[in-house]
Amino acid sequence: MRIDVVSLFPEFIAQSAAVGVVGRAQQRDLLDVHGWNPRDYAQGGYRRVDDRPFGGGPGMVMMIEPLQACLRAAREADARPAPVFYLSPQGAPLTQTRVRQLAAMPRFILLCGRYEGVDERVLAAEVDAEISIGDYVLSGGELAAAVVIDAVARLQDGALNDAESAVQDSFEGDGLLDCPHYTHPASHPLGEVPAVLRSGDHAAIARWRRMQALGRTWLRRPDLLDEAALSKADAQLLAQFRREHDA
Ligand SMILES: Cc1cccc(C(=O)NCC2(NC(=O)c3cccc4nocc34)CCCC2)c1
């Protein structure tokens, strides 16, 4: 899979994609991430990429020409067709379902805004869809691009080791939050590790972990619970968690 990223800070994208799971996926040729800087496609001595907003107001807007030329260069770097996604607060919220759709594509291009954003005519002419990673104010779209790249990289076959696959499969499988995790020491001034986890009773441990995942999802993200397909056993575990919680 190939991802091209158009950004005024391509080094940020390259560095974040060089470490961890994404870096390893690139080393394994499962993924290629290429950064492109619109400033390299800006005409004239000043290599201007932004200008003042029509209608007045604070800040600057990214100009059409450098973006169009940069998007064209990125598109033409590979023969395969490439949808363009603009990372934007006005975009559709990113979900694991959307990540799975993106991960199935042979390639796509991510466009990152800076300043107040990009000239609206670029969105109308060049962008296939807008994606948001959440409702808060950021300084640029690059962090959102890094989130998309990480989530998509993890779904490339061969990108994850067994432990990483476990957490991926868990959420992919049932859409629940994770259970609590503990490691040495068993006893500490901060508290004890739950006895069941040290019991060696693997059925009881699996049951406890499932109950915790269900219970925490109920307490913290009931919206996810509505989406999750709960088995009869799950429903009973959750009922027990709620009884103990309300006791
Ligand atoms: C709630 C709200 C309302 C109005 C503006 C902004 C805001 O943050 N505007 C600034 C920019 N924000 C983002 O790019 C951005 C931000 C958040 C999530 C995202 N997911 O993808 C890209 C994202 C847009 C141009 C430069 C950065 C945020």
Side-chain angles (χ1 to χ4, degrees), residues 1-22 31 33-42 46-71 74-75 82-105 107-155 171 175 220-221 223-224:
M1 152 169 263
R2 175 181 177 128
I3 303 176
D4 293 277
V5 185
V6 171
S7 161
L8 290 173
F9 301 99
E11 69 279 5
F12 174 89
I13 300 297
Q15 284 164 18
S16 67
V19 300
V21 167
V22 183
L31 176 70
V33 177
H34 296 266
W36 301 80
N37 191 337
R39 198 173 298 282
D40 295 335
Y41 298 86
Y46 290 97
R47 303 210 306 161
R48 170 161 225 151
V49 293
D50 62 306
D51 205 336
R52 291 179 299 117
F54 278 114
M60 304 291 272
V61 176
M62 295 177 77
M63 298 167 74
I64 297 171
E65 280 309 317
L67 287 173
Q68 256 190 332
C70 189
L71 283 164
R75 195 178 290 117
V84 177
F85 303 118
Y86 177 49
L87 288 308
S88 153
Q90 285 78 36
L94 185 67
T95 62
Q96 193 64 25
T97 299
R98 184 67 166 138
V99 169
R100 280 192 287 269
Q101 290 168 356
L102 296 169
M105 297 176 182
R107 68 175 295 217
F108 55 80
I109 298 173
L110 296 178
L111 172 59
C112 303
R114 277 278 160 172
Y115 313 114
E116 302 309 303
V118 307
D119 188 301
E120 191 68 14
R121 290 166 288 181
V122 171
L123 303 186
E126 303 277 357
V127 167
D128 296 283
E130 297 183 44
I131 297 173
S132 172
I133 63 164
D135 297 328
Y136 28 76
V137 180
L138 296 175
S139 307
E142 285 79 10
L143 285 169
V147 165
V148 170
I149 292 167
D150 186 278
V152 163
R154 297 177 61 88
L155 294 185
F171 183 69
R220 302 183 192 190
R221 290 292 308 275
D223 57 302
L224 289 178

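In each ligand, atom 1 is the first atom listed, and ligand 1 is the first ligand listed. What you see below is based on every heavy atom in this structure, not just the backbone, and it leaves out hydrogens, waters and symmetry mates. Residue indices begin at 1 and follow the sequence shown.
Where the criterion is an N or O separation shorter than 3.5 Å, residue side chain and backbone included, Ser88 meets it with respect to ligand 1. Below 3.5 Å of separation, one finds no N or O of Ala144 facing any N or O of ligand 1.
In plain terms, the two heavy atoms of Ser132 and Pro89 that are nearest each other are OG-CA, 4.0 Å. Nearest heavy-atom pair across Arg47 and Ala42 is C-CB, 3.4 Å. Taking each heavy atom of Val61 and Val118 in turn, the nearest pair found is CG1-C, 3.8 Å. Here the shortest heavy-atom pairing between Pro53 and Pro58 reads CG-O, 4.0 Å. Taking every heavy atom of both residues into account, Pro66 and Arg48 meet most closely at CG-O, 3.5 Å. Heavy atoms only, all atoms of each residue included: Leu31 and Ala153 are closest at CD2-CB, 3.6 Å.
Summary of contacts: the protein heavy atom closest to atom 26 (C) of ligand 1 is Tyr115 O, 3.5 Å. Atom 20 (N) of ligand 1 has Ile133 N, 3.0 Å as its closest protein atom, hydrogens excluded (heavy atom only). At the top of the distance list for atom 28 (C) of ligand 1, counting protein heavy atoms only, stands Tyr136 O, 3.3 Å.
With sequence neighbours left out, the side-chain contact (heavy atoms from CB on, under 4.5 Å) criterion links Asp50 to Met60, Tyr115. For Arg39, there are no salt bridge (Lys or Arg N to Asp or Glu O under 4.0 Å) partners, not counting sequence neighbours.
In this structure, of Gly113, Pro93, Gly134, the residue bringing a heavy atom nearest to atom 18 (C) of ligand 1 is Gly134. Nearest-residue assignment for atom 11 (C) of ligand 1 (options Leu138, Ile131, Val147; heavy-atom criterion): Leu138. Between Ser132, Pro89, Gly59, it is Pro89 that holds the heavy atom closest to atom 2 (C) of ligand 1.
Short contacts between ligand 1 and Gly117, defined as distances under 4.0 Å to a heavy atom of the residue, involve ligand atoms 25 (C). Of all atoms in ligand 1, numbered sequentially from 1 with element shown, those under 4.0 Å from a heavy atom of Gly141 are 14 (O). For ligand 1, the atoms lying closer than 4.0 Å to a non-hydrogen atom of Ser139 are 27 (C). Close approach of ligand 1 to Gly140 is summarised as follows: ligand atoms under 4.0 Å from at least one heavy atom of the residue are 14 (O), 27 (C). Residue contact check: Val137 has heavy atoms under 4.0 Å from atoms 7 (C), 8 (O), 28 (C) of ligand 1. Which parts of ligand 1 touch Arg114 is read off a 4.0 Å heavy-atom cut-off, strictly below it: atoms 26 (C).
Neither the backbone nor the side chain of Cys112 has a heavy atom within less than 4.0 Å of ligand 1.
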Next item on the list: Any chance you could lay out the side-chain contact (heavy atoms from CB on, under 4.5 Å) test for Ile133 and Leu138, step after step, and finish with the verdict?
Entry: CA-CA 10 Å; Ile133 63 164; Leu138 296 175; 4.2 Å; yes
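Shown here is Asp135, whose CG atom has no more than 12 heavy atoms of other residues, nucleotides or ligands within 6.0 Å.
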